**Student:** 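A single structure is presented below for examination.
Hydrogens, waters and symmetry mates play no part in the numbers below; they use all other heavy atoms, side chains included. Predicted, not measured: the structure shown is a model, and the values here were computed from it. Every chain is numbered from 1, with letters handed out A, B, ... down the list of sequences.
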Amino acid sequence: MSGENKAGDDKTHTDPAGKEKASSNFIKHIIEADLKTDKYGGRVVTRFPPEPNGYLHIGHAKSICLNFGIANQYQGTCHLRFDDTNPLKESIEYVDAIKEDVRWLGFDWTKHLYYTSDYFDRLYEYAVELIKRGKAYVDSLTPEEIRAFRGTLNEPGKESPYRNRTVEENLALFEKMAKGELEDGSCVLRAKIDMASSNIVMRDPTLYRIRRQDHHRTGNKWCIYPMYDYAHCLSDSLEKITHSICTLEFVNNRELYDWILDALEVYHPQQIEFARLNLSYTILSKRRLIQLVEEKHVSGWDDPRMPTLSGLRRRGYTAAAIRKFCDMIGVARRDSMVDISLLEHCLREELNVSAPRVMGVLHPLKIVIENYPEDQSEMVEAINNPEDESMGTREIPFSRVIYIERDDFMENPPKKFYRLGLGREVRLRYAYFITCHDVIKDESGEIIELRCTYDPETRGGNTPPDGRKVKATLHWVSKSHAINAEVRLYDHLFSVENPMQSSDFTEHLNPDSLVALCNCKLEPGLKNAMSGVHYQFERLGYFFPDPMDSSPGNPVFNRVATLRDTWAKIKKKM
RNA sequence: UGAGGGUUGGUCUAGCGGCAAGACGGCGGGUUCUGGCCCCGUUAACCCAGGUUCGAAUCCUGGACCCUCAGCCA
């Protein structure tokens with residue numbers, strides 16, 4: 001192996017996401033223009049700034065892929081910065097989960113891990129400077145009064161009676177705030193801008209509030225904590241970010257972002273906004289996701305139905321599929337609703353070429369092959385992945401009594417049903433052609449067993465000498481060799497495209513979002529299904545051993561996504 | 001109704017004064033030991049009205065509709 005190749009392999013290993021070519025978008029146009037004019041001396045520095053108050057979801061993945069992707073593409077850097085300015089809601093648990101998720105997604109912040117709380121001292125000094133410049137003041141209005149004084153969308157606000165305190169007075173008061181000599185809520189530090197501004201964000205926004213609350217990183221050092229608008233722009237500035245990319249709801253805040261940096265005459269990154277992701281049949285609001293967890297509608301943040309990265313990961317989504325998805329949906333400024341089937345498409349596209357094929361019967365229907373010797377069994381050879389010959393073959397046991405999928409037999413089949421019926425012949429994949437002769441039912445009329453014969457000349461599933469064709473090939477599993485396993489079928493968490501449209505989104509929770517099947521019959525090799533390996537159950541879909549509930553020798557499978565199902569579509573139209 | 005942002009096939013995205021492109025989906029067909037994959041074909045869009053221009057999705061004017069903002073959240 002040449003040195004060059006080796007270096008390439010290393011990079012791929014540590015940064016799988018860096019290798020993928022990404023499509024262009026309006027933000028990259030801006031960056032390229034800035035590079036051309038040398039606006040930032042050729043630097044490209046972005047950042048992903050999560051607040052550690054919840055788990056990351058696929059909407060965050062869009063932002064992560066964008067920010068880290070840009071850094072990769074332009075030989076820049078991307079910082080991971082925890083925006084931890086509200087100790088009431090934040091915790092170390094979330095910090096750790098977020099780091100794990102970003103890493104899993106395939107991105108590496110290298111040494112660029114930061115916390116807004118690391119800047120609390122400097123942010124405090126900046127605030128003092130703002131006061132000295134006459135651009136900030138301590139307001140002693142109550143929260144209710146501040147709200148009342150702010151005015152409305154149509155009416156200007158009123159200035160606070162405390163607005164014109166002297167610099168000395170403000171300095172003294174602010175110091176008292178910081179030292180904890182004043183009650184929570186008794187006063188705040190506000191920027192002195194314009195109470196009549198048509199942009200409400202600019203009506204003397206709050207910069208600091210008093211909160212006697214231990215912080216997960218700074219402990220009890222601070223009694224005051226900076227607000228987002230104040231801390232964020234200055235953190236960007238301190239880190240010499242070039243392009244501060246955020247979502248559209250911050251467009252109105254950009255004026256304040258710029259004002260603070262200008263007021264302090266410090267390094268000034270540019271904020272660029274893009275539309276956040278909306279996904280059909282799910283919700284991506286952190287607040288609502290918390291609600292689902294707290295109200296126990298799901299088993300936790302990593303419930304496989306959750307759109308969180310931890311949920312998707314546990315379900316069996318791959319990082320590469322999510323990255324591919326983020327690239328495909330693009331980046332723009334218009335609100336949109338991406339169809340969740342696109343995410344499933346990205347998953348299938350990847351797993352089709354990489355997942356080993358395997359046979360498993362989810363709803364078993366017993367078949368006795370009457371002309372097959374009772375005490376006999378044999379091994380048949382199966383291809384592990386028709387898309388990748390290097391994945392080789394395996395042997396599967398076949399015997400007189402087998403299971404097929406209940407759906408694969410119909411007593412009175414409609415015209416377009418190709419599968420097994422009375423008197424019909426089908427192929428058992430890699431095994432034999434069988435013909436059904438009898439249907440056995442219980443007292444209630446339910447089919448409990450099929451009686452079939454097989455054609456020894458079709459061994460391996462091959463066409464017999466007479467050239468006879470069959471219309472269907474079914475998956476199957478030998479009864480005496482099969483293992484029992486639990487398989488969990490997941491569907492969309494919500495039954496409507498946009499659950500947020502309704503006043504109470506929980507009323508649209510899909511009651512069938514999880515169907516656990518306990519009596520599934522899988523080919524014996526799956527007993528030791530490896531965790532972390534994705535399988536394609538032939539004709540059914542992609543399945544992944546649940547990392548939490550599987551144990552050695554007892555895998556529990558999650559269905560990540562079904563295969564495209566043309567038959568289901570035909571059936572629907574009938 | 002103040003300010004700001006937005007509007008291109010069913011969905012997402014491109015276009016930057018000169019043939020409206022791609023992906024996903026849909027439909028039809030081919031292939032097939034997965035009704036999968038793959039292949040081929042096809043469907044389908046510039047919010048509206050004026051204006052500028054030889055020529056407008058693109059520039060201008062007016063309108064409609066959607067989204068965001070009145071936390072001591074981010």
Side-chain angles (χ1 to χ4, degrees), chain A residues 23-26 29 49-51 53 83 85-86 88-90 139 141-143 146-148 150-157 184-190 197-203 205-211 224-225 227-229 231-232 246-255 273 275 280 286-287 327-339 341-342 344-346 348-349 352-353 357 359 382-383 386-387 416-419 426-431 433 458 460-463 469-475 536-541 562-571:
Chain A
S23 45
S24 193
N25 57 56
F26 81 96
H29 292 333
E51 183 190 11
N53 68 342
D83 209 351
T85 58
N86 185 0
L88 244 35
K89 294 185 173 173
E90 298 154 7
D139 194 356
L141 251 26
T142 64
I146 287 184
R147 195 187 319 127
R150 186 150 31 224
T152 67
L153 295 178
N154 299 309
E155 305 153 317
D184 282 23
S186 62
C187 57
V188 290
L189 184 73
R190 300 179 73 178
S197 173
S198 51
N199 181 358
I200 291 177
V201 172
M202 299 298 277
R203 318 242 262 230
T206 303
L207 269 22
Y208 269 95
R209 75 282 218 194
I210 304 172
R211 271 227 214 307
I224 56 170
Y225 292 95
M227 300 287 290
Y228 164 85
D229 285 306
H232 201 90
C246 63
T247 45
L248 233 35
E249 64 267 29
F250 292 102
V251 171
N252 294 331
N253 301 53
R254 188 175 64 230
E255 192 178 354
E273 311 86 10
S280 62
K286 225 196 262 184
R287 237 184 78 200
D327 184 56
M328 281 184 74
I329 58 176
V331 177
R333 281 175 77 88
R334 75 182 85 124
D335 294 317
S336 60
M337 170 78 73
V338 177
D339 196 318
S341 64
L342 187 61
E344 291 160 6
H345 166 82
C346 292
R348 292 189 192 111
E349 185 177 62
N352 175 50
V353 296
R357 312 287 126 120
M359 290 199 285
I383 294 165
E387 304 289 325
K416 287 180 178 166
F417 185 85
Y418 300 156
R419 283 109 96 145
V426 297
R427 167 165 37 231
L428 295 176
R429 180 140 231 226
Y430 301 125
F433 284 17
T458 57
N462 292 316
T463 304
K469 300 269 192 214
V470 286
K471 286 195 99 171
T473 298
L474 309 185
H475 61 278
Q536 185 197 101
F537 287 14
E538 291 212 37
R539 306 210 304 135
L540 296 174
T562 61
L563 252 29
R564 259 184 96 235
D565 192 348
T566 306
W567 166 238
K569 256 185 296 188
I570 295 168
K571 217 162 45 171

**Student:** Pick the C1' atom in B:U1 and in B:G22, then give their distance to the nearest Å.
**Tutor:** 41 Å

**Student:** Who is the Watson-Crick or G-U wobble partner of B:A64, with both distances under 3.5 Å?
**Tutor:** B:U7

**Student:** When we call it a touch if two heavy atoms are under 4.0 Å apart, what does A:L428 touch: a base, just sugar-phosphate, or nothing?
**Tutor:** nothing

**Student:** Please determine whether a side-chain nitrogen or oxygen atom of A:K569 lies at a distance below 4.0 Å from atom OP1 or OP2 of B:G26.
**Tutor:** yes

**Student:** Could you check whether any side-chain heavy atom of A:L563 comes within less than 4.5 Å of a side-chain heavy atom of A:Q536, counting everything from C-beta outward?
**Tutor:** yes

**Student:** Is A:W567 stacked on the base of B:G35, with ring centres under 5.5 Å apart and planes under 30° apart?
**Tutor:** yes

**Student:** Tell whether A:R333 reaches the base of B:U7 with its side chain through a donor-acceptor pair below 3.5 angstrom.
**Tutor:** no

**Student:** Report which part of the nucleic acid A:E51 touches: base, sugar-phosphate, or nothing (heavy-atom distance under 4.0 Å, all strands).
**Tutor:** sugar-phosphate

**Student:** Would you mind classifying the nucleic acid contact of A:F433 as base, sugar-phosphate or nothing, using non-hydrogen atoms under 4.0 angstrom?
**Tutor:** nothing

**Student:** Give a yes or no on whether the backbone of A:G461 and the side-chain of A:R429 come within a donor-acceptor separation of less than 3.5 Å.
**Tutor:** no

**Student:** Please measure how far the C1' atom in B:G25 lies from the corresponding atom in B:G10, and state the result in whole Å.
**Tutor:** 7 Å

**Student:** Would you kindly check whether a donor in the side chain of A:R564 faces an acceptor in the base of B:G35, or vice versa, at under 3.5 angstrom?
**Tutor:** no

**Student:** Considering every strand and a 4.0 Å limit on heavy-atom distances, what is the contact class for A:T566: base, sugar-phosphate, or nothing?
**Tutor:** sugar-phosphate

**Student:** Please work out if A:Y225 contacts a base, only the sugar-phosphate, or nothing of the nucleic acid, heavy-atom cut-off 4.0 Å.
**Tutor:** nothing

**Student:** Looking at every strand, decide which applies to A:R147 at a 4.0 Å heavy-atom threshold: base, sugar-phosphate, or nothing.
**Tutor:** sugar-phosphate

**Student:** In whole Å, measure the gap between the P atoms of B:C16 and B:U43 for me.
**Tutor:** 25 Å

**Student:** Please measure how far the P atom in B:G6 lies from the corresponding atom in B:A44, and state the result in whole Å.
**Tutor:** 31 Å

**Student:** Contact class for A:Y208 vs. all strands (heavy atom < 4.0 Å): base, sugar-phosphate, or nothing?
**Tutor:** nothing

**Student:** Give me the atom names and distance for the closest heavy-atom approach of A:N462 to A:F433.
**Tutor:** O-CE1, 4.0 Å

**Student:** Over all strands shown, is A:P49 touching base, sugar-phosphate only, or nothing at heavy-atom distances under 4.0 angstrom?
**Tutor:** nothing

**Student:** Determine the Euclidean distance between corresponding C1' atoms of B:A57 and B:G15; express it in Å to zero decimal places.
**Tutor:** 8 Å

**Student:** Contact class for A:L342 (heavy atom, under 4.0 Å): base, sugar-phosphate, or nothing?
**Tutor:** sugar-phosphate

**Student:** For A:R254 and A:E273, work out which heavy atoms get closest and say how close.
**Tutor:** NH1-OE2, 2.6 Å

**Student:** Mark yes or no for a side-chain to base donor-acceptor pair under 3.5 Å between A:E249 and B:G5, with no hydrogen or angle criteria applied.
**Tutor:** no

**Student:** Taking any strand in view, what nucleotide pairs with B:U1 in a Watson-Crick or G-U wobble way, both distances under 3.5 Å?
**Tutor:** none

**Student:** Should B:G71 be called syn or anti, with syn set as within 90° of 0?
**Tutor:** syn

**Student:** At under 4.0 Å, does any side-chain N or O of A:R150 touch on OP1 or OP2 of B:G71?
**Tutor:** yes

**Student:** If you look at every strand shown and take non-hydrogen atoms under 4.0 Å, does A:I329 touch a base, only sugar-phosphate, or nothing?
**Tutor:** sugar-phosphate

**Student:** Does any part of the side chain of A:R564, heavy atoms only, come nearer than 4.5 Å to the side chain of A:K569, both counted from C-beta?
**Tutor:** yes

**Student:** Classify the nucleic acid contact of A:N86 as base, sugar-phosphate or nothing, counting any heavy atom under 4.0 Å across all strands shown.
**Tutor:** sugar-phosphate

**Student:** Could you let me know what B:C16 is paired to, Watson-Crick or G-U wobble, both distances under 3.5 Å, or none if it's on its own?
**Tutor:** none

**Student:** Within the structure shown, what part of the strands sits under 4.0 Å from A:V353 by heavy-atom distance: base, sugar-phosphate, or nothing?
**Tutor:** nothing

**Student:** Scan A:T152 against the nucleic acid and name what it touches under 4.0 Å (heavy atoms): base, sugar-phosphate only, or nothing.
**Tutor:** base

**Student:** Taking only the side-chain nitrogens and oxygens of A:R539, find out if one of them lies under 4.0 Å from OP1 or OP2 of B:G36.
**Tutor:** no

**Student:** So what does A:R357 hit on the nucleic acid, given a heavy-atom distance under 4.0 Å: a base, only sugar-phosphate, or nothing?
**Tutor:** base

